[in-house]
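All values below come from the heavy atoms of this structure, side chains included, with hydrogens, waters and symmetry mates left out.
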Amino acid sequence: MVGAGRGGGGHIRLKGWQQAAVALGSAFGALLDPRRADLIAALGETTGRPFFERVLQRMKMTPEGR
């Protein structure tokens, strides 16, 4: 279900296996046709969370980031 009550911003929460399927499918599709910006964006959204969490932790460790 899409809506603010289910994660906000019109996003649909996916289970782990669903995220993996989207990541693999979008990665394969982007390799076949790199002009598909939608596939590249989907890959970034499904795989980028651990990176951004590390960046946030590093930022919080500095006076500028707090």
Check your understanding: What is the minimum heavy-atom distance between Asp38 and Arg36, and which atoms define it?
Key -> OD2-NH2, 2.7 Å

Check your understanding: When rounded to the nearest 0.5 angstrom, what distance separates CE in Met61 from CG in Leu56?
Key -> 12.0 Å

Review point. Hey, does Val55 have a side-chain heavy atom less than 4.5 Å from the side chain of Met59?
Key: yes

Review point. Roughly how far apart are Leu39 CG and Leu32 CG, rounded to 0.5 Å?
Key: 9.5 Å

Exercise for review: Could you state whether Ile12 and Trp17 fall into the same hydrophobic cluster, counting links through intermediate Ile, Leu, Val, Met, Phe, Trp or Tyr residues with side-chain heavy atoms under 4.5 angstrom apart?
Suggested key: no

**Study point:** Closest heavy-atom pair and its distance - Leu43, Ala23
**Key:** CD1-O, 3.5 Å

Revision key, fill the gap. Smallest heavy-atom separation, Thr46 atom then Gln19 atom, equals CB-O, 4.1 Å

